[in-house]
Amino acid sequence: MKSLGYITGTCAKWVRSAGGLLRRGCAGFIDILYSNLWMCLFYMLQLGGIALFLWTPDGSLQLSCTGLLRGLRSAFLPAAVLMTVRALVLLGRPGRWRRLAAGCITALVMLPCMAETWMSFMLHTRWSDRIIRLIADTNPGESGEFFSLYLLTPKSLCVLAGYLLASWIAYRGLRLARHALRMPQRHALRGALRAGTVLLLGAGVWWWSLPAENNFNAENSLNTFTRMHKMMAVHRRTLKNIKALEKTPALADGHIPDSVSPPAHIVWVIGESDSKAHWSLYGYGLPTTPHMERRAAEGEVLKYEDVVCFEPRTYRMMEILFSPYVVREKSALYLKNPLTPMLLRKAGYAVRLHDNQATLVRGDDQAEVGTSNFMNSRVLSHANFDWRNDRMYRYDMDLLRAAMPMLREPSAHDSVSRPTVDILHINGQHFSAENRYPASFGPFTAADYPSRTDLSLEEKGQVAAYDNATLYVDAFLDALMDSLKGQDAVVIYHPDHGEEMNDERHCHVRTMDSHKLARSAPYVLEIPFLVYTTPEFRRLHPGLYSRLRAAASEKQSLIYFSHFLLDVAGVDSRFRRPEFSPLSPEWSRPPRVVKDIGAYDRWLERVRPSGKD
């Protein structure tokens, strides 16, 4: 019995000793974290400042502050981890090597942040697939050009100097604050500060774990290091996909049957971020599309009543639009199918691309991740297009003016007279809308929305800018149609996706979940779709025109667009699926599938009347 008591007492003593050691160890570690908390704040200020400087779509204080808070939130957890690593390095007796290691950690954090800040000002982008691709592909000659054009310039040097100055001020200011709040020696205060540090870190982790409420793109909420890692993964996946697609030109086939008389000129216009809810042609209250209304009334323009996209993301929609692959089937088929322009060229069409969002020239500021990089391999570009532009323009009307000689005489630039497809990919109403039209062009102001008492003055201004951009697209299309007079020509216009513009909720530009919410889905998924035909086209192709007119009342989806285009062009191919084209007698009225929600019409009937998200 005495032995049992001795053993029990010894075990209890060991437990108490272990508990004391654990408590002292935890308290000491928390003290270390507390003394390095200023470094966590320093990292957060660096990363959050990038969001403040870059993501200010209309320059307003409110949105700038929102961007700063989003940046701080995304920076918290990595900053806390880095702070912990730095604290562990400094554990024990301070020494030269420990201080050197801690300084290296700080420098490793600062360099990519400084690079991203520089890119924000000089290239108007953050770490992206395009930037990673440029670094991977750059040779010594291009490096010299890059340094002379971008890095060794007064603006560039000012940006770098300003970043270093701001970092030094933040660093010194936080160090002074740290010394001013030096850890007191009294036991009660030390315990309170330990508890406060734990609560602060816990609250920060909780804040970081909340769903991101972001404007336009969830990637904006990612910190510098997460973006770099993600974009490197995207780059590797993109290269793999491009290598697979580069094998498909050999599979391309296409021909125009002898019984078919193809249109001499097809112009396919891909808009950007264009919601039909802001088109007066579709019932909007302000006259945003007067030219298209006039042409529709005169019978020149066919208005397709109900067309949806798959998801409100440009890079994904561009892949869908340019491939006969159908997104509701196995995704592996996308990499095994030749792209639609290849089929058109095999059938005898000349295909030309006029792109105002990306070109083959390396370094284009607007060529963001995935916009059209699946076509920007030189192998794929040469297989898809007879010609493409090498310059982009501030406004879409400037792109149209540059393309006008080709559009007016499509065969003049071709040694062999053959039917032509011109593809125009424009900026449309892309965020930020006020940058999409000249300052002299913009009749709508915040004063034009007196009934929108639910909106602030700033929000009304955002809607006005979007409506002005819509009016500019209307003018663009009108000028394009004028340029085709006397030709056997057809114009097909649609955007890649819609947009949310303070319609049924306070949201300026779509969020990552806009297409899944009942209040916002119609604005980002339902799009304008127009077909313009010249009198010559209607005279030469009465059967095709009749089918185009009948299709205007059918529910359609952009996931089947390639098959619609092939039918307009009169091209037959083993990759053509007539059951997916409303112009074909074999059309099966396939379901309109939307990402994350499945069949759109059934989902909308279920959720829209109730108004539930």
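Note that these values count all heavy atoms, side chains included, but never hydrogens, waters or copies made by symmetry.
With a 4.5 Å cut-off on side-chain heavy atoms, Ser584 and His563 do not count as touching. Side-chain contact between Tyr437 and Leu471 is absent, with no heavy atoms from C-beta onward closer than 4.5 Å. Proximity of Thr340 to Leu321: side-chain heavy atoms (C-beta onward) are nowhere separated by under 4.5 Å. Looking at heavy atoms from C-beta onward, Tyr545 lies in side-chain contact with Leu302 at the 4.5 angstrom threshold. Contact annotation: the side chain of Glu499 approaches that of Val509 to within less than 4.5 Å [non-hydrogen atoms, C-beta and beyond].
Ion pair Asp478/Arg294 flagged as a salt bridge, since at least one NZ, NE, NH1 or NH2 atom sits closer than 4.0 Å to an Asp/Glu carboxylate oxygen. A salt bridge is absent between Lys555 and Glu305: the closest approach of a Lys/Arg side-chain nitrogen to an acidic carboxylate oxygen does not fall below 4.0 angstrom. Between Arg394 and Asp398, no side-chain nitrogen of the basic residue sits less than 4.0 Å from a carboxylate oxygen of the acidic one, so the salt-bridge criterion is not met. Between Asp386 and Arg418 there is a salt bridge, since a side-chain N of the basic residue sits under 4.0 Å from a carboxylate O of the acidic one. Ion pairing between a basic and an acidic side chain is recognised when a charged N comes within 4.0 Å of a carboxylate O; Arg577 and Glu329 show such pairing. Using a cut-off of 4.0 Å between Lys/Arg side-chain N and Asp/Glu carboxylate O, Glu504 and Arg519 are scored as not salt-bridged. The pair Arg539-Glu536 fails the salt-bridge criterion, with no side-chain N (NZ, NE, NH1 or NH2) lying under 4.0 Å from an Asp/Glu carboxylate O.
The aromatic rings of Tyr472 and Phe441 sit perpendicular to each other, their planes meeting at more than 60°, with 30° as the lower class boundary. Classification of the Phe529-Phe564 ring pair by plane angle, with boundaries at 30° and 60°, yields perpendicular. Taking the six-membered ring for Trp and thresholds of 30 and 60 degrees, Trp387 and His354 have ring planes inclined between 30 and 60 degrees apart. Between Trp279 and Tyr282, the two ring planes are perpendicular [angle over 60°; tilted spans 30° to 60°].
Between the side chain of His541 and the backbone N or O of Ser261, at least one donor-acceptor pair lies under 3.5 Å. At least one donor-acceptor pair under 3.5 Å links the side chain of Ser275 to the backbone N or O of Tyr523. A distance-only check finds a donor-acceptor pair linking the side chain of Arg547 to the backbone of Leu583 [under 3.5 Å]. A donor-acceptor pair is defined here as one N or O able to donate and one able to accept, closer than 3.5 Å; no such pair exists between the side chain of Ser557 and the backbone of Arg592. Judged purely by atom type and a 3.5 angstrom limit, Asn356 has no side-chain atom pairing as donor or acceptor with the backbone of Met392. Although no hydrogens or angles enter the test, the distance criterion places a donor-acceptor pair under 3.5 Å between the side chain of Thr534 and the main chain of Ala489. The closest donor-acceptor contact from the side chain of Arg436 to the backbone of His430 lies under 3.5 Å. Judged by distance alone, with hydrogens and angles left aside, the side-chain atoms of Arg505 form no donor-acceptor pair with the main-chain N or O of Glu500 at under 3.5 Å. In this structure a side-chain-to-backbone donor-acceptor pair under 3.5 Å is present from Asp488 to Ala264.
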| task | Would you please test Glu272 and Gln357 for side chain to side chain donor-acceptor pair (under 3.5 Å) and show each step? | result | CA-CA 10 Å; Glu272 176 68 59; Gln357 292 198 33; 2.8 Å; yes
| field | Verdict with supporting geometry, Ile266 and Leu565, side chain to side chain contact (heavy atoms under 4.5 Å, CB included) | value | CA-CA 9 Å; Ile266 299 173; Leu565 179 62; 4.2 Å; yes
| message | The test is side chain to side chain contact (heavy atoms under 4.5 Å, CB included); show your working for Val307 and Leu558 and say whether it passes. | response | CA-CA 7 Å; Val307 182; Leu558 289 185; 4.2 Å; yes
| Can His494 and Trp268 be said to form a side chain to side chain contact (heavy atoms under 4.5 Å, CB included), step by step? | CA-CA 8 Å; His494 64 80; Trp268 174 21; 2.9 Å; yes
| message | Could you go through Asp467 and Thr288, starting from their C-alpha distance and side-chain angles, then the distance that decides it, and tell me whether this counts as side chain to side chain donor-acceptor pair (under 3.5 Å)? | response | CA-CA 6 Å; Asp467 288 346; Thr288 53; 5.7 Å; no
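Closest non-hydrogen pair, Leu400 versus Leu480, comes out as CD2-N, 3.8 Å. Gln462 approaches His508 most closely through the heavy-atom pair OE1-CB, 3.2 Å. Scanning all heavy atoms of the two residues, the minimum distance from Pro582 to Ala551 falls at CB-CB, 3.9 Å. Smallest separation of non-hydrogen atoms from Asn427 and Asp396: N-OD1, 2.9 Å. The heavy-atom pair separating Leu343 from Pro324 by the smallest distance is CD1-CG, 4.2 Å. Nearest heavy atom pair, residue Pro591 against residue Tyr560, reads O-OH, 2.6 Å.
Just one residue in the list Asp422, Val421, Val491 forms a side-chain contact (heavy atoms from CB on, under 4.5 Å) with His265, and that residue is Asp422.
For Lys346, the NZ atom is loosely surrounded, since the number of other residues' heavy atoms within 6.0 Å does not exceed 12. Atom CZ of Arg602 has 12 or fewer neighbouring heavy atoms from other residues, nucleotides or ligands inside a 6.0 Å radius.
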